[in-house]
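In this text, all values refer to a predicted model and were calculated from it rather than measured experimentally. When reading the values below, keep in mind they use all heavy atoms of this one structure, side chains included, and skip hydrogens, waters and symmetry mates.
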Amino acid sequence: MKNLIITPEIEAKLISKHNVRRVDIVECFYNKDGNYLEDTRTENKTNPPTMWFIAETHKGFLLKVVAVYESGNIYLKTAYQPNQTEIDIYTKYAY
């Protein structure tokens, strides 16, 4: 995915804190089957909006992928293993 932008700082955090690699995130984009949801929490609101989804890697691990979409690019904010509340929200509103 050429249009997936991950800054070196975010990439380092993903690896050290969440044990998530770029390839895991790309796999989630290919495996996504629900809609994107907008993060409407006040502390996370951005312009353009922050969007997120939950999908599996090819190894079957769930990840919550959070990004901003602008000018044809996807700017990754974070990706990590979702908690049950996030899974429930996604299941309820993404399909």
Side-chain angles (χ1 to χ4, degrees):
M1 292 184 67
K2 292 180 183 179
N3 64 334
L4 176 60
I5 311 299
I6 305 174
T7 66
E9 297 82 14
I10 290 177
E11 189 166 17
K13 182 183 102 175
L14 291 174
I15 292 168
S16 67
K17 187 174 180 182
H18 303 299
N19 197 29
V20 173
R21 302 166 300 143
R22 180 185 182 88
V23 65
D24 300 318
I25 296 161
V26 171
E27 289 172 1
C28 286
F29 275 100
Y30 287 116
N31 293 334
K32 182 180 91 52
D33 64 353
N35 294 311
Y36 296 98
L37 298 181
E38 182 177 345
D39 190 341
T40 58
R41 295 174 294 176
T42 303
E43 67 274 14
N44 293 349
K45 285 192 94 150
T46 57
N47 185 13
T50 297
M51 306 299 285
W52 64 279
F53 67 92
I54 294 175
E56 288 187 355
T57 66
H58 290 349
K59 293 181 181 178
F61 296 107
L62 279 181
L63 288 179
K64 178 179 178 181
V65 178
V66 183
V68 172
Y69 299 82
E70 183 175 29
S71 302
N73 289 317
I74 303 165
Y75 295 91
L76 189 78
K77 292 181 78 174
T78 192
Y80 56 87
Q81 189 173 17
N83 62 38
Q84 191 59 52
T85 301
E86 293 165 326
I87 294 168
D88 292 344
I89 290 169
Y90 192 71
T91 301
K92 182 175 181 178
Y93 295 107
Y95 296 97

Quick one: does any side-chain atom of [X] pair with a main-chain N or O of [Y] as donor and acceptor, under 3.5 Å?
X     : Y     : result
Asn35 : Ala94 : yes
Lys32 : Gly34 : yes
Thr57 : Lys59 : yes
Asp39 : Thr50 : no
Glu11 : Ile6  : no

How would you list, by chain and number, every residue that makes a ring-ring contact (aromatic ring centres under 6.0 Å, His included) with Tyr69, sequence neighbours excluded? Tyr36
Residues that His18 engages under ring-ring contact (aromatic ring centres under 6.0 Å, His included), provided they are two or more places apart: Tyr80
Among the clusters formed by ILVMFWY side chains lying less than 4.5 Å apart, do Met51 and Ile87 turn up in the same one? yes
Same cluster or not: Val68 versus Leu76, using hydrophobic residues (I, L, V, M, F, W, Y) connected whenever any side-chain heavy atoms lie under 4.5 Å apart? no
Going by ring-ring contact (aromatic ring centres under 6.0 Å, His included), Phe53 matches just one of Tyr90, Tyr93, Tyr30, Phe29. Which one? Phe29
Can you spot which of Thr91, Val65, Leu62 makes a side-chain contact (heavy atoms from CB on, under 4.5 Å) with Ile54? Leu62
Of all heavy-atom pairs between Thr46 and Lys77, which one has the smallest distance, and what is that distance? CG2-NZ, 3.6 Å
Classify the side-chain pair Asp33/Tyr95 by whether it contains a donor and acceptor separated by less than 3.5 Å. yes
So, using salt bridge (charged side-chain N to carboxylate O under 4.0 Å, His left out) as the criterion, who are the partners of Arg21 when residues are at least two apart? Asp24
